[in-house]
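Written out below as structure tokens is the structure these notes cover.
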Amino acid sequence: MKMGFRWYGSGNDSVSLDQIRQIPGVDEIVWALHSKLPGEVWEKDEIKAAVDEIKAKGFGVSVVESLNVHDDIKTGAPTRDMYIDKYIESMRNLKEFGVKVICYNFMPVFDWTRTDLFHPLPDGSTALFYEKSRIKQDPKEMAEYILKECKGLTMPGWEPERMAELDSLFEKYSKIDKETLWENLKYFLEKLMPVCHECGIKMAIHPDDPPWDIFGLPRLITSEENVERFLSMVDDPCNCLTLCTGSLGASEHNNIPAIAERFADRVAFAHIRNVKIYENGDFSEVSHRDCDGDVGVLGVIKALHDKNPEVYIRPDHGRHIWGEKCRPGYGLYDRALGIMYILGAWDMLEK
Ligand code: CS2
Ligand code: MN
């Protein structure tokens, strides 16, 4: 297993590489060029600058999260081939710097969605929270809220440039139903697979978060059944999953350890975090500890350990603890605790 830590880059993250070096067992920085909009090519000199900075501190750069997919690819617009060509150009550039896994998502318009980014927990910390009844509100209000809370830091999937054109983005998706979205995903991946083999890169889709339709937009990677459909639709060892336990785990219908076990050989990358689901369907993010939430974190770790010991793992969102001021979900302290929990379980399984 290779342990990673997501880092948003100098000037764009409250956490430094020097701090990350002091967390035991971190091999890799999970990185991206966060100034790039979906559809822009990642040029070699830009990649080199980012990679050199990370490697200088002794970390690997094998996992990119995310190389984001342009909405014209998702909607199958006439310009999609042009955007797929750009995507492939970025992949070929990334290959030259040793990238092995590309995490991406196929969620329409938005990335992950929460109604409260700093919800108080009983222990005095705060965490990301989703209140079902509040999500019916206008997506524009949602975007304003999220951008305000991020205080100028980049927020993948919620780029101000894209949020300014929300009406036209929603218009693009107005004729896209679920089946069309599946077809567009298949089209995209079939173009990419030969490039993956040429470059030795695995594409690892991130599940939809939350794993159900929101704002009337269709979502695909939401359940065991749909993961199975996704993997068999393009049945290629380079077509893989980012097993985000908290995304799929926000639905009480998903048994995450069972999903981890069943698809272990196609999990190229795992995001480990825990969520607590309330009776009304609201959910809160909680600590990584198994008994604090409903994901079954230990079962997931065991499945990956037993069936895919080479996997890349990172802790996903943490709570905001000890007064830390940070990007929502991406502070230093609770994610470092998460790493120690995962490594503790892993080391014990090894023994
Ligand atoms: C991440 C996702 O913060 C998160 O929840 O796991 O935003 C993830 O980076 C993207 O969906 C991948 O494209
Ligand atoms: Mn995730």
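Start at 1 and go down the list; that is how both ligands and their atoms are numbered.
Residue Asp209 has no nitrogen or oxygen atom sitting less than 3.5 Å from a nitrogen or oxygen atom of ligand 1, judged on distance alone.
When ring centroids are compared, His206 and Tyr104 stay outside the 6.0 Å threshold.
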### Message
One pair to check against side-chain contact (heavy atoms from CB on, under 4.5 Å): Thr245 and Asp316. What are the steps and the verdict?
### Response
CA-CA 9 Å; Thr245 61; Asp316 210 350; over 6 Å; no

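Within the 4.0 Å heavy-atom cutoff, Arg314 counts among the residues contacting ligand 1.
Met340 is linked by a side chain to side chain contact (heavy atoms under 4.5 Å, CB included) to Pro24, counting only residues two or more places apart in sequence or in another chain. With sequence neighbours left out, the side chain to side chain contact (heavy atoms under 4.5 Å, CB included) criterion links Asn280 to Tyr278, Asp282. Judged as a salt bridge (Lys or Arg N to Asp or Glu O under 4.0 Å), and not counting sequence neighbours, the contacts of Glu224 are Arg262.
A donor-acceptor pair under 3.5 Å is formed between the side chain of Trp158 and the backbone N or O of Trp112.
Judged purely by distance below 3.5 Å, without hydrogens or angles, the side chains of Arg266 and Asn308 never pair a donor atom with an acceptor atom.
Here the protein heavy atom with the shortest distance to atom 3 (O) of ligand 1 is Tyr330 OH, 2.5 Å. In this structure, the protein non-hydrogen atom closest to atom 7 (O) of ligand 1 is Asp111 OD1, 2.9 Å.
Protein N, O or S atom count below 2.8 Å of the Mn ion (ligand 2): the structure gives 4.
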